[in-house]
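Single-structure report; data block below.
Chain letters run A, B, ... following the sequence lines, proteins first, then strands; residues in each count from 1.
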Number of protein chains: 2
Amino acid sequence: MNTGELTDLGQQLRVDSVRAAAAAGSGHPTSSMSAADLMAVLLAHHFRYDFDRPAHPGNDRFVLSKGHASPLLYSAYKAAGAVDDEELLTFRKLGSRLEGHPTPQRLPWVETATGSLGQGLPVGVGIALAGKRLDRTGYRVWVLCGDSELAEGSVWEAAEHAGYEHLDNLTVIVDVNRLGQRGPTRHGHDLDAYARRFQAFDWHTVEVDGHDVDAIDRAYGEAASTKGQPTAILARTLKGKGVEAVQDREGLHGKPLPEAEDAIAELGGPREVRVQVQEPPAARMLHAVQTGDYELPKWDKGEEVATRNAFGEALAALGTGRGDIVALDGEVGDSTRAEFFAKEHPDRYFECYIAEQQMVASAVGLAARGWVPYAATFAAFLTRAHDFIRMASVSGSGVNLVGSHAGVAIGEDGPSQMGLEDLAMMRAVHGSTVLYPCDANQTARLVGAMAGLEGIRYLRTSRGESKVIYDPDETFPVGGSKVLRSSDRDRLTLVAAGVTVHEALSAADALEREGIAARVIDLYSVKPVDRATLRRAAEETGCLMTVEDHHPEGGIGDAVLDAFTDGRPVPRLVRLGVRSMPGSASPKEQLHAAGIDAESIAAAGRLLVEEAVVP
Amino acid sequence: MNTGELTDLGQQLRVDSVRAAAAAGSGHPTSSMSAADLMAVLLAHHFRYDFDRPAHPGNDRFVLSKGHASPLLYSAYKAAGAVDDEELLTFRKLGSRLEGHPTPQRLPWVETATGSLGQGLPVGVGIALAGKRLDRTGYRVWVLCGDSELAEGSVWEAAEHAGYEHLDNLTVIVDVNRLGQRGPTRHGHDLDAYARRFQAFDWHTVEVDGHDVDAIDRAYGEAASTKGQPTAILARTLKGKGVEAVQDREGLHGKPLPEAEDAIAELGGPREVRVQVQEPPAARMLHAVQTGDYELPKWDKGEEVATRNAFGEALAALGTGRGDIVALDGEVGDSTRAEFFAKEHPDRYFECYIAEQQMVASAVGLAARGWVPYAATFAAFLTRAHDFIRMASVSGSGVNLVGSHAGVAIGEDGPSQMGLEDLAMMRAVHGSTVLYPCDANQTARLVGAMAGLEGIRYLRTSRGESKVIYDPDETFPVGGSKVLRSSDRDRLTLVAAGVTVHEALSAADALEREGIAARVIDLYSVKPVDRATLRRAAEETGCLMTVEDHHPEGGIGDAVLDAFTDGRPVPRLVRLGVRSMPGSASPKEQLHAAGIDAESIAAAGRLLVEEAVVP
């Protein structure tokens with residue numbers, strides 16, 4: 001396309017953005033208009049993509065980090081012939097694929113859900129890592145960011161990661177329109193301010209007038225030909241560009257244009273420009289799912305093994321068997337034991353340093369390219385990536401997260417290092433799976449099972465050693481549980497998982513000595529929960545006590561309730577959890593102080609069977 | 001102190017760090033040893049502090065961002081005479097104030113709990129903001145960071161904030177010992193790499209040999225005299241400095257020294273150096289708690305008002321009455337309505353741009369200096385700051401968090417903008433208070449009540465308008481609830497909060513027309529929960545149905561269970577919540593699609609009273 005045609009395409013994208021928002025009665029046309037020329041030139045001259053084959057391994061990848069500019073994205077899809085005008089005008093309506101913010105669950109050309117700012121570049125880095133280190137099919141990753149979102153620290157985690165990894169297949173285009181939601185950004189139109197920051201993180205930068213299509217064209221060419229560094233294109237633009245009533249004005253973020261018909265006329269009216277997007281080069285994926293025979297590790301009953309060790313060994317074995325397994329570390333691989341995988345499969349191991357948001361974002365990017373990631377850090381530090389986990393679930397992304405050092409059982413390090421809210425966080429993620437093993441054999445089997453699940457799956461591991469209580473050939477279906485003690489004399493049921501399983505077994509022994517038979521259930525699958533077994537236990541024993549190394553809110557106690565919320569009778573219940581703020585102490589002292597050790601369980605059990613109120 | 005004395009003090013700090021970790025059998029002596037000279041010079045020559053009066057308004061403030069180097073901190077306290085040698089050797093033991101990672105809950109000289117890396121500088125920025133903009137007593141904030149933690153994006157949010165705000169009262173000292181937990185950092189001893197990054201964010205930088213006490217002394221002097229910019233001192237150090245067996249070696253993070261006695265001898269043996277820390281200058285706090293008469297806003301019954309608007313108006317009024325109230329915004333003040341406060345009290349309003357971690361960290365820093373912060377953004381985006389909220393609770397920090405745009409009720413914007421896991425996140429925070437009002441009068445009263453609570457308190461507000469159902473003079477105690485419909489014929493209880501209160505009232509009307517009397521409880525205090533009222537309702541109506549605009553996990557349904565976990569009988573239960581992934585649609589369509597509108601509630605209610613299983 002020549003200059004005039006590109007300009008014309010930019011105007012069409014503006015007109016269609018205005019039309020879509022007007023039809024919806026909401027949306028972000030002004031944020032779309034600033035980036036319209038940037039999008040037009042990308043689509044017409046640089047983006048290589050087969051809209052009929054979004055899974056084509058040679059396709060470039062585009063991420064709209066400023067997800068609220070969805071009218072622009074959908075207008076581009078229309079220009080490329082991927083959606084028609086009728087669908088464009090369903091924008092933001094019930095049942096439409098064209099949501100307020102784009103998601104891959106609805107649209108095959110979207111790589112990752114955006115709308116929480118500062119996430120597009122981090123996920124783009126993950127895709128670029130896949131392209132550079134694994135897929136090697138030569139695709140380029142283009143990320144369109146807003147300027148406001150550069151205030152998010154996650155952007156600089158991503159910048160650091162991309163610069164360090166020399167991701168020259170990655171280009172970020174920053175639409176510097178100087179206006180955020182509520183007013184001017186910190187740096188306004190000072191492109192140098194942004195350039196200095198990206199350069200400091202070892203990026204190549206290009207500053208450009210974001211409404212000069214020829215300059216944009218040259219900038220993209222420069223980005224594509226830059227070797228050894230990612231490129232940031234800093235484009236000076238005007239929000240609402242092209243319509244005098246809104247251009248470069250405050251107070252117009254996220255609103256349809258006041259006079260849409262006049263605005264469309266001012267933009268030259270609707271057009272029918274159709275872009276022939278470049279075909280991607282022929283390519284094929286390198287990864288093979290099954291790469292060799294493998295066996296998950298096994299341990300003998302009675303051995304003392306930390307579940308974090310079992311995780312590391314199982315993951316390494318899984319990686320031997322499956323070439324699509326990758327692992328990511330937040331600079332604690334020696335603690336989480338993810339380093340066991342690194343030793344066997346260094347080519348598929350991604351060191352993310354202490355940057356949990358980027359670790360999860362990289363996992364999401366890798367998963368978008370078909371890889372099966374396991375990202376591990378301390379359970380407590382996964383809270384750092386909560387918003388990324390939430391958005392990964394909106395994407396429908398399939399990632400495995402592993403949180404080690406769960407609960408007070410870690411001992412002396414104290415509360416900053418204790419995962420005490422991770423179960424609540426992970427259970428509340430839509431469509432998640434939450435697993436919490438108590439022994440090494442169980443851990444290994446669950447690590448293997450996770451790879452085949454959908455959505456966000458979480459494995460919680462423990463720092464200290466615990467006794468192997470399961471036979472190496474035992475199976476552990478997701479959604480199941482294990483009844484470890486049972487008799488027809490049972491007067492209560494103890495429901496535990498992880499470290500508290502061992503405490504519950506000891507408590508059951510103690511109660512048995514007093515003539516109180518207690519059933520013990522290992523609830524290794526916290527979500528989904530084994531409703532049938534819990535309900536049977538409730539019917540047969542009349543009362544349930546949950547015991548968890550976690551705050552009382554949102555964890556195992558609440559998970560168990562899930563079995564009893566269909567209107568049928570509910571058993572009597574007691575929940576033991578960590579109710580006080582721990583300090584430093586030995587693991588044994590910690591469990592006792594929190595009231596979740598065998599002695600505390602037995603004491604509460606006595607009260608429960610006597611139908612006394614348990615404080 | 002002269003060069004020899006300073007060097008001697010540094011060696012003493014090393015020796016005492018080694019001794020403390022040896023006595024504990026755990027801890028991080030090598031990470032303490034690298035920074036010992038940096039700490040010695042700070043304590044002896046630059047830090048102005050009265051250990052007997054930690055609340056002295058003129059005191060400098062020190063934050064150990066690398067909280068695992070706690071042996072160094074406690075050794076410094078000993079050198080300053082604040083703790084004795086006997087206490088030093090209680091390090092990491094049950095009941096000791098000297099925890100694995102320092103917390104202000106135990107030690108009066110600690111400003112904020114650390115141990116989750118990358119949080120000390122952000123909180124230090126908050127304290128420096130208080131010093132610069134509010135307290136104005138001339139204190140300096142010193143933050144000691146590790147090099148590994150500079151990979152955290154939160155550090156660069158903080159750097160951006162501090163540079164932009166010209167916080168020349170802030171100095172960060174980076175202990176560049178080149179080794180992280182599991183191996184070398186990205187940039188090793190390349191001080192320039194870090195300097196470039198800080199400079200790009202408009203900081204002054206000084207590079208120094210971190211074991212040359214005179215050079216360190218000059219660097220601190222340069223930092224203190226630099227105007228208009230914060231200063232980053234980048235200090236080249238060796239991990240485990242001074243003991244050949246561990247110095248600059250990998251694999252020795254977080255472990256006591258293998259031969260402690262030999263190491264102590266190599267360091268020259270124990271010493272009895274005592275530092276006379278400089279007195280702070282005379283100063284007094286500027287803020288007065290009560291600054292004028294004020295009245296929280298009131299609305300007439302029947303008005304249609306969004307609770308987010310009521311929040312904004314109430315906060316502005318509260319700020320008029322109390323001079324210690326401050327507000328923080330994540331660049332969405334026009335949406336959360338925090339901007340109402342900004343208009344009345346611009347001097348106490350902190351624009352944090354789109355950087356939720358820094359917003360919460362600033363709130364924690366301001367609270368540490370005695371201010372009462374309200375930090376507001378979309379409920380969904382508070383997940384970005386989850387780890388900071390978690391650590392704030394470890395600090396015992398008193399901050400108010402406000403999350404707007406709760407749930408599917410926001411409508412067209414779609415799931416990325418919907419707070420659907422915020423209740424789970426906030427309930428699982430130790431000692432938190434969680435409030436969720438359904439009308440404007442209730443909102444205003446709760447905004448006022450929050451200011452007087454302890455710990456983390458959370459207010460959830462809604463985007464759309466809702467009818468005012470409470471009298472302007474009604475009171476809403478925290479931990480209470482309101483019974484909105486009640487009769488002795490009630491056959492079930494509907495428990496709702498926020499938008500679902502209005503749906504539950506409509507459902508109760510519909511059921512009443514069919515002859516089914518339903519009690520309706522407004523559970524505006526989600527945590528603590530009103531056990532007595534819920535228990536009475538259970539006893540009188542036999543069954544409970546919770547209805548929430550939130551995922552089913554961790555929210556109101558789970559909160560209600562809290563009333564029934566003391567071993568006494570539990571009512572039959574049904575929980576309605578958002579179980580599917582929403583798309584774009586109108587608020588009304590969203591509530592219907594999620595099965596939490598009046599029609600869905602009535603349908604489930606019919607099944608419940610018929611003792612049928614509710615799917």
Original post:
Relative to chain A, which segment of B:L608 carries a heavy atom at a distance below 4.5 Å: side chain, backbone, both, or neither?
Top reply: side chain
Subject >> Check: A:E553 side chain, B:G554 main-chain N or O, donor-acceptor pair, under 3.5 Å >> reply: no
Original post:
Can you name the nearest heavy-atom pair linking A:L561 to B:G557, along with the distance?
Top reply: CD2-O, 4.3 Å
Original post:
With chain A, which of B:G95, B:G251, B:S335, B:G396 has the greatest number of heavy-atom pairs at distances under 4.5 Å?
Top reply: B:S335
Subject >> Under 4.5 Å from a heavy atom of chain B, the part of A:S586 involved >> reply: neither
**OP:** Tell me, for B:H28 versus chain A, whether the close heavy atoms (under 4.5 Å) come from the side chain, the backbone, both or neither.
**Re:** side chain
**OP:** State which residue, out of A:M425, A:R384, A:E421, fulfils the side-chain contact (heavy atoms from CB on, under 4.5 Å) condition with B:R390.
**Re:** A:E421
Subject >> Separation between CZ of A:R186 and SG of B:C352, rounded to the nearest 0.5 Å >> reply: 8.0 Å
**OP:** Name the option with the most non-hydrogen atom pairs under 4.5 Å to chain A; the candidates are B:E149, B:Q119, B:H550.
**Re:** B:Q119
**OP:** Counting only heavy atoms closer than 4.5 Å, note whether A:S116 contacts chain B via side chain, backbone, both or neither.
**Re:** both
Original post:
For the atom pair CD (A:E157) and CG (B:L150), what is the distance rounded to the nearest 0.5 Å?
Top reply: 12.0 Å
Original post:
So what's closer than 4.5 Å to chain B heavy atoms on A:Q357: side chain, backbone, both or neither?
Top reply: side chain
Original post:
Is there a donor-acceptor contact under 3.5 Å from the side chain of B:E331 to the main chain of A:Q181?
Top reply: yes
Original post:
Are A:D387 and B:E356 side-chain neighbours, meaning at least one heavy-atom pair lies under 4.5 Å?
Top reply: no
Subject >> Proximity breakdown for B:R106 and chain A, heavy-atom pairs closer than 4.5 Å >> reply: side chain
Original post:
Given a strict heavy-atom distance threshold of 4.5 Å, which part of A:F198 is in contact with chain B: side chain, backbone, both, or neither?
Top reply: neither
Original post:
Is the side chain of A:Q417 donor-acceptor paired with the backbone N or O of B:G115 at a distance under 3.5 Å, no angle test?
Top reply: yes
Original post:
Where on B:M391 is there a heavy atom nearer than 4.5 Å to chain A: the side chain, the backbone, both, or neither?
Top reply: side chain
**OP:** Please state whether the side chain, the backbone, both or neither of B:P102 comes within less than 4.5 Å of a heavy atom of chain A.
**Re:** neither
**OP:** Let me know if B:E611 has heavy atoms under 4.5 Å from chain A in its side chain, its backbone, both or neither.
**Re:** neither
Original post:
Side chain, backbone, both or neither: which part of B:T114 has an atom under 4.5 Å from a heavy atom of chain A?
Top reply: backbone
**OP:** Under 4.5 Å, counting heavy-atom pairs only, tell me which of B:G118, B:A380, B:A604, B:G414 racks up the most with chain A.
**Re:** B:A380
Subject >> Worked verdict on A:H68 versus B:S416 for side chain to side chain contact (heavy atoms under 4.5 Å, CB included) >> reply: CA-CA 10 Å; A:H68 55 285; B:S416 65; over 6 Å; no
Original post:
chain A heavy atoms under 4.5 Å from B:D562: which part of the residue, side chain, backbone, both or neither?
Top reply: both
Original post:
Between CD of A:E160 and NE2 of B:H187, what distance do you get to the nearest 0.5 Å?
Top reply: 3.5 Å
Original post:
What part of B:E99 lies closer than 4.5 angstrom to a heavy atom of chain A: side chain, backbone, both or neither?
Top reply: both
**OP:** Mind telling me whether A:H386 and B:H386 have parallel, tilted or perpendicular rings, with 30° and 60° as the class edges?
**Re:** tilted
Subject >> Contacting moiety of B:S70, where chain A heavy atoms sit under 4.5 Å >> reply: neither
**OP:** With rounding to the nearest 0.5 Å, note down the distance linking CZ in A:R197 to CG in B:D202.
**Re:** 5.0 Å
Original post:
Using a cut-off of under 4.5 Å for heavy-atom pairs, which of B:G254, B:A355, B:G330 has the most such pairs with chain A?
Top reply: B:A355
Original post:
Which region of B:P552, side chain (C-beta onward) or backbone (N, CA, C, O), has a non-hydrogen atom less than 4.5 Å from a non-hydrogen atom of chain A, or is it both or neither?
Top reply: neither
**OP:** Look at the rings of B:F201 and A:W156 and say which category their plane angle falls in: under 30° parallel, 30 to 60° tilted, over 60° perpendicular.
**Re:** perpendicular
Original post:
Hey, is B:R427 close enough to A:D558 for a salt bridge, meaning N to O under 4.0 Å?
Top reply: yes
Original post:
Between the main-chain N or O of B:V332 and the side-chain N or O of A:R182, is there a donor-acceptor pair closer than 3.5 Å?
Top reply: no
Original post:
Which bit of B:A424 is near chain A, if near means a heavy-atom gap under 4.5 Å: side chain, backbone, both or neither?
Top reply: both
Original post:
Counting distance only, does the side-chain N/O of A:R92 pair as donor-acceptor with the main-chain N or O of B:S584 below 3.5 Å?
Top reply: no
Original post:
Of all heavy-atom pairs between A:L573 and B:V570, which one has the smallest distance, and what is that distance?
Top reply: N-CG2, 4.3 Å
Subject >> Proximal component of A:P122, with respect to chain B [non-hydrogen, under 4.5 Å] >> reply: neither
Original post:
Which bit of B:M418 is near chain A, if near means a heavy-atom gap under 4.5 Å: side chain, backbone, both or neither?
Top reply: backbone
Original post:
For B:A612, is it the side chain, the backbone, both, or neither that has a heavy atom closer than 4.5 Å to a heavy atom of chain A?
Top reply: backbone
